[in-house]
There are 2 protein chains.
Amino acid sequence: MSLDDTDKRILTLLQKKGRMSNADLSEKVNLSPSACHRRVQRLEAEGYIRDYVALLDARKMGVPTTVFVEITLQAQADEVLDAFERAVALIPAVLECHLMAGSADYILKIVAEDTEDFARIHRQYLSRLPGVAQMQSSFALRTVFRTTALPV
Amino acid sequence: MSLDDTDKRILTLLQKKGRMSNADLSEKVNLSPSACHRRVQRLEAEGYIRDYVALLDARKMGVPTTVFVEITLQAQADEVLDAFERAVALIPAVLECHLMAGSADYILKIVAEDTEDFARIHRQYLSRLPGVAQMQSSFALRTVFRTTALPV
DNA sequence: TGTGAAATAATTTTTCC
DNA sequence: GGAAAAATTATTTCACA
């Protein structure tokens, strides 16, 4: 049910190197391979570990530009929000979509090749999103850091 | 140097399931295991694949609350930015830090247990960041979606 | 230069204690 | 939780187009 120090250590390590071998992992947490393996299986089965993924280099992949877009909807009826969210989910460049507290505001995190490519994304997708009252885009000049690792 | 369709398919798959076995992967991209393995090694060596990581469940980990914090600095001299960025990097709850275009604005993405825990993070860390002129926090009510997968 | 088949090495996963 | 066996997988080697 809950996590002891060894579990936490395992999670910390796997958040950094998700493909670390069970042998290495077991050594670093002072456990036998089989005991360590059982821990990992439990952490997966109970949902602490959601997934293992490869992280790509945004620059190498040609999308070094990050843009945060803040959107206010005209209404906040559930149908309006649902329609909006369904439409947003279809835009490949959108990595995150958060419904913000307060009025019907969303924050989107979007990646693009450059500002011109973002203009295209805006024309092609963002400008056609349903129920939008206001939209404000903020460009990131530089990503200081970005991690997927949650505090354990 | 560049990526053909098979490379792109490999990257798409590994972005979803980073621990997929090379045998499975090779089958899905219609390649022999060794040919597929060589492709993956190249993608790693050339830096398209930055890392493999485990993604944890924020709710299970006790940090279901996401907060975006927008910070304006008093000055934009390099030393001021550097000092700020170094201090930010030491806060475990901060997952992302972006320098925004325009004036000296930063956007931070922070996770917390709840609003009270965020208040603690604010007191303990944010309020002590050097060079800060303004700070505005926006709470996410709900994460509609969030992916680490870049468009390929 | 890129590919596939087969052999070897390493690792994961299971079984039993 | 640990040890050892079994099954699977990664990685290398080599031959071929």
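In the text below, chain A, chain B and the rest are named by the order of the sequence lines, each starting its count at 1.
Other members of the hydrophobic cluster containing B:Met61, listed by chain and number, are A:Leu3, A:Ile10, A:Leu11, A:Leu13, A:Leu14, A:Met20, A:Leu25, A:Val29, A:Leu31, A:Val40, A:Leu43, A:Tyr48, A:Ile49, A:Tyr52, A:Leu150, A:Val152, B:Leu56, B:Val63, B:Leu95, B:Val111; membership follows side-chain contacts under 4.5 Å among ILVMFWY residues, whether direct or relayed.
In this structure, B:His37 places its NE2 atom 15 Å from C1' of C:dA7, rounding to the nearest Å. Nucleotide D:dT8 holds its C1' atom 13 Å from the CG atom of B:Asn22, rounded to whole Å. As a whole-Å value, the separation of B:Ile10 CD1 from C:dG2 P is 14 Å.
Between A:Asp7 and A:Arg42 there is a salt bridge, with a side-chain nitrogen of the basic residue lying less than 4.0 Å from a carboxylate oxygen of the acidic one.
When atom types are taken as modelled, the side chain of A:Asp51 and the backbone of B:Leu55 share no donor-acceptor pair closer than 3.5 angstrom. Panel note: side chain B:Lys60, backbone A:Glu46; a donor-acceptor pair is recorded below 3.5 Å.
The stretch residues 40-57 of chain B touches DNA chain D through B:Gln41, each having a heavy atom under 4.0 angstrom from the strand. Looking at residues 11-21 of chain B, you'll see that no heavy atom sits under 4.0 Å from any atom of DNA chain C.
For B:Arg59, the side chain to side chain contact (heavy atoms under 4.5 Å, CB included) criterion is met by B:Asp57, B:Pro64, not counting sequence neighbours.
Judged by distance alone, the side chains of A:Asp114 and A:Thr65 never bring a donor and an acceptor atom under 3.5 Å apart.
Applying the side chain to side chain donor-acceptor pair (under 3.5 Å) test to pairs two or more places apart or on separate chains, those with a residue in residues 123-139 of chain A are A:Arg120-A:Gln124.
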Pair A:Asp4-A:Arg39, salt bridge (Lys or Arg N to Asp or Glu O under 4.0 Å): steps then yes or no | CA-CA 11 Å; A:Asp4 66 14; A:Arg39 297 263 195 163; 2.8 Å; yes
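Taking the six-membered ring for Trp and thresholds of 30 and 60 degrees, B:Phe139 and B:Phe118 have ring planes more than 60 degrees apart, a perpendicular arrangement.
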Dump every N/O contact between nucleotides 1-3 of chain D and the protein below 3.5 Å, one line per pair.
from, atom 1, to, atom 2, distance (Å)
D:dG1, OP1, A:Arg39, NH2, 2.7
D:dG1, OP2, A:Arg39, NE, 3.1
D:dG1, N7, A:Arg38, NH2, 3.1
D:dG2, OP2, A:Ser32, N, 2.8
D:dG2, OP2, A:Ser32, OG, 3.2
D:dG2, N7, A:Ser34, OG, 3.1
D:dG2, N7, A:Arg38, NH2, 3.2
D:dG2, O6, A:Arg38, NH1, 3.1
D:dA3, N6, A:Ser34, OG, 3.0

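The hydrophobic cluster containing B:Leu129 also contains A:Phe145, counting ILVMFWY residues as joined when their side-chain heavy atoms lie under 4.5 angstrom apart, directly or transitively.
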